[in-house]
Amino acid sequence: MHPAWTEIDLDALAANYRLLEGRIGAGVRVIASVKADAYGMGAVAAARAFQDLGVFALATGTVDEAVAIRGAGVTLPIVLFNTYLPGDAARLLEHDFIPTIDSMAMAEAVSRAAPRPRPVYVKVDAGLGRLGVAMIEAPGFIERIAAMANLDLQGVYTHLAFAHAGGRDWAAARLGAFDALLAELKAMGIQIPVTQARASSCLLAGLGDSCSAVCVGHAYYGLSPYSEADVGEVAGLRPVVRALRTRLVRVARHRQGSDVAIGGLYGLRAGMRTGVGAIGLSGGLSRPAPGQDAHVLVRGRRVPVIAVSLEHLSLDLGGVDEAQVGDQVTVFGTDGSGEISLDEVAAWQGRSPLEVLSMLAGRTARRTLDGGGAFDHSSEAPAGDQA
Ligand SMILES: *Cc1c(COP(=O)(O)O)cnc(C)c1O
């Protein structure tokens, strides 16, 4: 039993999906990124939702996540985006996942371990400088992969993440270079069914390319790849993880001489009313960054966070006299007329919104909002138990 939970809005996921359709273009296939536990919302729930929405394939990094998705009855192709070591090849082939090839050692290991031709994608480094075959080596490398007996080259992709809108020019140039590579492969007579370069940032920046697919994560979850300070809110995207809540497990009034010490803070004011919420560092929160004040909502009102300890939040309930044990504590989300945004929580923690969400994965229960606006409590389970 997790004492804290997130609230997941699948209607928002569908609305974000529809909103982006116009930017993706007709006839372009969609690979939905569900990596990192679907950016905190839960990989299995996200995979099921994307299957219902009709995406072409899913992409994730870890094999365990892919196994959980398959185990939940999702039949879509699953591309493994992470780079693995050649020694992992046999394990990667135990399931019907599509591995990424970005070295000759990996290509040979997969080819050796595969009893018959296996679909694979090749990743090209178009400038991010992280994973993938260098652009300059890509034509020769891909030609060799296409000729290997046990590899069925189904896709060639790259990743063009850029952190702020100013990265647009860089991305446009890199997209151009990737398009030129694809033209060169075509001229060499190599057919590649799936080609992909654009992720959320390219789509939101309005960039186009000649590829047959896109791969989107951030934007489907209502997260902007850019900071709000940089571009403002991205019009129309709705947060899929709508709230993080727990409950007050204790309410107390501190008398003179009964001062407590929590989180390095000594000497609470005499007569101060405090409350304790059941989420802390182990639930994925962090302490307020230097100089930052943190607040949560109790009975719709903002109350200051006094301390964040391993499993608890200590609160100053001075402004909410009627607060009682069992009351909801909202870390972000709405409660009555009160609202705390994920961006605000990210700001007091000195993290990005995505970092906040990814810290929650596996540490909180999840409740899924159904079409009628109620939360399905039967879906309440820690992330790892959802499969
Ligand atoms: C994660 C990932 C994406 C999705 O990126 P977003 O910014 O979340 O849309 C696309 N392509 C690749 C190769 C990725 O690894």
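Start at 1 and go down the list; that is how both ligands and their atoms are numbered.
Ligand 1 has no N or O atom lying under 3.5 Å from any N or O atom of Pro225, backbone or side chain. Among the atoms of Tyr157, none of the N or O lies under 3.5 angstrom from an N or O of ligand 1. Close N/O approach between Lys123 and ligand 1 is not found [any backbone or side-chain N/O within under 3.5 Å].
Of all protein heavy atoms, the one closest to atom 15 (O) of ligand 1 is Lys35 NZ, 2.6 Å. Nearest protein heavy-atom neighbour of atom 6 (P) of ligand 1: His218 ND1, 3.4 Å. Scanning all protein heavy atoms for the shortest distance to atom 3 (C) of ligand 1 gives His159 CE1, 3.4 Å. The closest protein non-hydrogen atom to atom 9 (O) of ligand 1 is Ser200 OG, 2.5 Å.
In this structure, the side chain of Asn16 engages the main chain of Ala12 through a donor-acceptor pair within 3.5 Å. Checking side-chain atoms of Ser111 against main-chain N and O of Ala107 turns up no donor-acceptor pair under 3.5 Å.
Screening Arg299, Arg245, Arg247, Arg250 for a salt bridge (Lys or Arg N to Asp or Glu O under 4.0 Å) with Asp327, the sole residue that qualifies is Arg299.
Distances below 4.0 Å separate heavy atoms of Val216 from the following atoms of ligand 1: 9 (O). Atoms of ligand 1 found under 4.0 Å from any heavy atom of Gln196 (numbered from 1 in listed order, with element): 11 (N). Close contacts between ligand 1 and Ala199 involve ligand atoms 4 (C), 5 (O), 6 (P), 7 (O), 9 (O), 10 (C) [criterion: under 4.0 Å to a heavy atom]. Taking every heavy atom of Tyr39 and a limit of under 4.0 angstrom, the matching atoms of ligand 1 come to 1 (C), 4 (C), 5 (O), 6 (P), 8 (O).
For Tyr220, the closest heavy-atom approach to ligand 1 does not fall below 4.0 Å.
For the residue pair Glu339/Thr334, the side-chain donor-acceptor check at 3.5 Å is not satisfied. Between the side chains of Tyr157 and Thr100, at least one donor N or O sits under 3.5 Å from an acceptor N or O.
No close placement of the Tyr220 and Tyr39 rings is indicated, their centers lying 6.0 Å or farther apart.
The proximity of Ser33 to ligand 1, defined as any non-hydrogen pair under 4.0 Å, is limited to the side chain.
Under the 4.5 Å side-chain heavy-atom criterion for ILVMFWY residues, no single connected hydrophobic cluster contains both Ile98 and Ile101.
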Q) Arg70 and Asp96: side chain to side chain contact (heavy atoms under 4.5 Å, CB included), yes or no, with the steps? A) CA-CA 9 Å; Arg70 254 308 164 266; Asp96 62 347; 3.0 Å; yes
Q | Working for side chain to side chain contact (heavy atoms under 4.5 Å, CB included), residues Phe97 and Val67 | A | CA-CA 9 Å; Phe97 310 140; Val67 168; 3.9 Å; yes
